[in-house]
Amino acid sequence: AVLGCALWLLLPGVPGEQCPSPCRCTSLGEARGTRVDCGSRGLRSLPALPRLTRSLHLHNNSLTSIPSGALDSLGSLQELDVSHNPWHCDCHILYLKLWLQDFSAPALARLRCASPATLRMKPLGQLTGNELGDCKRLLPTKCLQFFWRDLILIVAAIITLLLVVWALKFSRKLVCQLILRGQLLRRRSFKT
């Protein structure tokens, strides 16, 4: 156990988190996060990244896209290099494009499409929806389902409210009629 602790202190590693297999991770200090260097490792897919990644280098690999949501959990990320990858510019690149628009416009401007042939060397940041093709199947359908569910609930609430108002109005009218009939009956009973 002592030898394991000594090795842990001597090796530049990441406390509490696993470094992805082909990458090299360096702790920047407990409060500062982790530097993850996966550059020039022949990666074809994004490895599982430490949650506290502050600096991420994915340059010069064989990445063609980044899976939707893959970078969302990296709240400490401040530096990202994804240059020199053969980006395939179809619907699957949309996540990376939108994510980089928020994270780093200069980094987005440097990326170029490698395929398909019609988009080869076109800057990723300049892609339009028409060039990406039909991306409807990648839209978050659950969001649309929630929208329709919420819309139905709102309409149902409005209809219920209208029915309650109508019922109150009708009951008030009915109560008034009953009171008037009661008074008429009392008057008739007093006259006889």
Side-chain angles (χ1 to χ4, degrees), residues 16-18 20 31-34 36 44-56 58 63-82 85 87-116 118-119 122-185:
E17 294 189 89
Q18 290 287 5
R32 295 190 59 214
T34 306
V36 180
R44 293 185 179 276
S45 62
L46 189 67
L49 299 167
R51 186 178 47 82
L52 296 175
T53 299
R54 185 177 180 108
S55 175
L56 177 59
L58 295 166
L63 299 172
T64 57
S65 67
I66 301 287
S68 291
L71 302 173
D72 294 347
S73 64
L74 303 178
S76 302
L77 192 64
Q78 291 187 354
E79 180 186 359
L80 176 66
D81 184 359
V82 290
N85 279 288
W87 300 112
H88 181 71
C89 295
D90 65 359
C91 290
H92 297 287
I93 202 73
L94 190 57
Y95 168 75
L96 179 62
K97 179 182 187 278
L98 295 174
W99 194 88
L100 282 173
Q101 281 175 345
D102 291 338
F103 181 76
S104 172
L108 177 61
R110 288 190 296 268
L111 298 185
R112 305 233 181 258
C113 299
S115 60
T118 56
L119 298 176
K122 180 157 186 165
L124 181 59
Q126 293 178 7
L127 291 179
T128 64
N130 292 336
E131 292 170 319
L132 291 175
D134 185 21
C135 296
K136 289 180 184 173
R137 61 187 165 82
L138 295 177
L139 288 176
T141 54
K142 289 185 179 181
C143 292
L144 292 174
Q145 290 169 350
F146 287 128
F147 169 77
W148 289 113
R149 183 203 64 190
D150 291 347
L151 184 63
I152 289 169
L153 289 173
I154 290 169
V155 168
I158 290 171
I159 290 172
T160 303
L161 183 64
L162 290 174
L163 287 173
V164 167
V165 168
W166 178 77
L168 287 173
K169 189 174 180 179
F170 180 73
S171 66
R172 182 184 277 167
K173 192 175 187 180
L174 186 60
V175 167
C176 289
Q177 287 176 353
L178 289 173
I179 291 173
L180 287 174
R181 282 187 186 164
Q183 289 174 355
L184 283 174
L185 287 175

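Here the closest heavy-atom approach between residue C89 and residue L124 is recorded as SG-CD1, 4.0 Å. Closest approach of A109 and P123 over heavy atoms only: O-CB, 4.4 Å. Shortest non-hydrogen contact noted between L63 and N85 is N-OD1, 3.2 Å. The minimum heavy-atom distance linking K122 with E131 is given by the pair NZ-OE2, 2.6 Å. In terms of heavy atoms, E79 sits closest to S55 at OE1-OG, 3.0 Å.
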- [ ] Step by step, work out the side chain to side chain contact (heavy atoms under 4.5 Å, CB included) result for L119 and W87.
- [x] CA-CA 10 Å; L119 298 176; W87 300 112; over 6 Å; no

Task: Stepwise side chain to side chain contact (heavy atoms under 4.5 Å, CB included) check, L96 with S65 - done: CA-CA 7 Å; L96 179 62; S65 67; over 6 Å; no

Task: Pair L80-W99, side chain to side chain contact (heavy atoms under 4.5 Å, CB included): steps then yes or no - done: CA-CA 11 Å; L80 176 66; W99 194 88; 3.5 Å; yes

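Between the OG1 atom in T34 and the CG atom in L49 there is a gap of 10.5 Å [rounded to 0.5 Å]. Between atom CZ of residue R32 and atom OG of residue S76 there is a gap of 11.5 Å, rounded to the nearest 0.5 Å. Between atom CG of residue L127 and atom CD1 of residue I93 there is a gap of 8.5 Å, rounded to the nearest 0.5 Å. Atom-to-atom distance recorded for D90:CG and C113:SG is 9.5 Å, nearest 0.5 angstrom. Distance CG/L52 to CG/L74: 9.5 Å, rounded to 0.5 Å. One finds the NZ atom of K97 at 6.5 Å from the CG atom of L108 (value rounded to the nearest 0.5 Å).
When D102, L94, L100 are each tested for a side-chain contact (heavy atoms from CB on, under 4.5 Å) with L98, only one passes: L94.
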